2 protein chains.
Amino acid sequence: MTDPLSGPLPGPVLLPLLGGPPTERRDAARNREALLVAAEELVDACGVDHVTMDAVAVRAGVGKGTVFRRFESREGLMAALLDRSETVWQAAVISGPPPLGPGADPMERLLAFGRSRLETTLRHAELIRAAGRAGSRSYAAWSFTAMHVRYLLGELDVRGDLPVLATALLAPLEVPVLEQQVRVEGFPVDRVLAGWEDLARRVVRPPDA
Amino acid sequence: MTDPLSGPLPGPVLLPLLGGPPTERRDAARNREALLVAAEELVDACGVDHVTMDAVAVRAGVGKGTVFRRFESREGLMAALLDRSETVWQAAVISGPPPLGPGADPMERLLAFGRSRLETTLRHAELIRAAGRAGSRSYAAWSFTAMHVRYLLGELDVRGDLPVLATALLAPLEVPVLEQQVRVEGFPVDRVLAGWEDLARRVVRPPDA
DNA sequence: AATAGAACCGGACCGTGGTCCGTTTGGGCT
DNA sequence: AGCCCAAACGGACCACGGTCCGGTTCTATT
């Protein structure tokens, strides 16, 4: 604990450098990280829905209560896990290379967005399902995608109720819909994607003047 | 039990009149019905997700094991409950009065379908959520709506991958999407509906010749 | 450095969904 | 009517998500 390397520092950094809730105690932060790591390991060892909260707690070396203190619920924990990848994906959209990131023309970006979102959703399907309406879905991730699509539609001079239209474009990329098509009906992913691109073009196409 | 009224009959009806699994024992049928009724009563007494399987069993006067034998799981029970209303709705679509039922022109039918589906989904949102992927969602109800929309799109001379396009039209009417817009974002139902109708028109509109 | 108090920790505890298996019941057959 | 077995029953039992509260550890203050 009295590590000579960190000793010279004037103790804890008092400055509330970046916002967030007042401060987080150091042990709390450590435990949060340990839990996240433990959960991640267990997830890709046993599969998402064979991971029990107890197991996560044990592997992280903390009590069960701690898990629930930090992440509210099982859904909350999964949502936290999800946020990690979601965040890097969002970064790619905001400032990554075209055509997903800025630089390409809006229609290209929209199509790239659809493809990327579809793949990402399918890859994390289990996790997303397990996260339920908590965390990511509840306004964090959803509202990001909605805003982005709405912006692109605006750039493309689409007329109409943009927020609602954007939602309509996002809806077919949700887990239950995708799984219905891919897992149950057995449609190839490419076919579903092509369908979505067709949809996008129909939505964007200007009204016959 | 030796009821004189049923006595005269030549015992049980041997003919496998209508298919289904071989036969269902009479007590089994009685219990199924009792459970359904009990569940229904409890649902609109306490609200869907305050209903426990134990409570249903007790109220129906059977053991818990029986509930699970008949309905697999909690989701299964809820799905069974859902199927009742879903069935009468399907009947309205197939053979009810226009514009929902046959008789009106396809575009009117499509718009009527959207409105009706949206209202129904919103009304049964809790139940649908509780039913999860079991029963109704898993192929029973979904495939019906998909087929219907696909048929209407065909009548409207829409070109493209009709099954996928139909799915895309259905997706914004799913519970999570609807709730996001109505409950979270606070959009009025009319606005969401108008947005869907706009979407439908954009999908149907023929490619600029 | 010592103190006070807030935040955190941990694991016993509870309710509910789901399983199991010994027992009962229904109904075709003789 | 009586027999027999498959099917159905029922409730004890288990696992897991979630809560609670007494004890511990950190941080701000003097």
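Everything quoted here is computed from the prediction, not taken from an experiment. Values reported hereafter were calculated over all heavy atoms of this structure, with side chains retained and with hydrogens, waters and symmetry mates removed.
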Given DNA chain D, 5'-ward residue of the pair B:Gly65 and A:Met53, judged by closest heavy atom: B:Gly65

Below 4.0 Å: OP1/OP2 of D:dG10 and any side-chain N or O of B:Thr66: yes

Separation of atom CZ in B:Arg30 from atom P in D:dC9, rounded to whole Å: 9 Å

Sugar-phosphate, base or nothing in reach of A:Arg32, heavy atoms under 4.0 Å: nothing

Any donor-acceptor pair under 3.5 Å from A:Arg70 side chain to A:Ala29 backbone: no

5′-ward residue of the pair A:Ala29/B:Val51 relative to DNA chain C: A:Ala29

Residue-phosphate contact under 4.0 Å: B:Arg26 side-chain N/O, C:dG26 OP1/OP2: no

Residue met sooner reading DNA chain C from 5', once A:Gly63 and B:Phe68 are mapped to nucleotides: A:Gly63

OP1 or OP2 of C:dC9 under 4.0 Å from side-chain N/O of A:Asn31: yes

Ring-face cation contact, A:Trp196 with A:Arg115, 6.0 Å cut, 45° max: no

Below 4.0 Å: OP1/OP2 of C:dC20 and any side-chain N or O of B:Arg69: no

Between C:dC8 (C1') and A:Lys64 (NZ): distance, integer Å: 18 Å

Mutual orientation of the aromatic rings belonging to B:Trp89 and B:Phe144 [parallel < 30°, tilted 30-60°, perpendicular > 60°]: perpendicular

Chi angles and distances behind the side-chain contact (heavy atoms from CB on, under 4.5 Å) call for B:Thr121, B:Arg117: CA-CA 6 Å; B:Thr121 300; B:Arg117 188 70 196 158; 3.9 Å; yes

Phosphate contact (C:dC8 OP1 or OP2) by A:Arg25 side-chain N/O below 4.0 Å: no

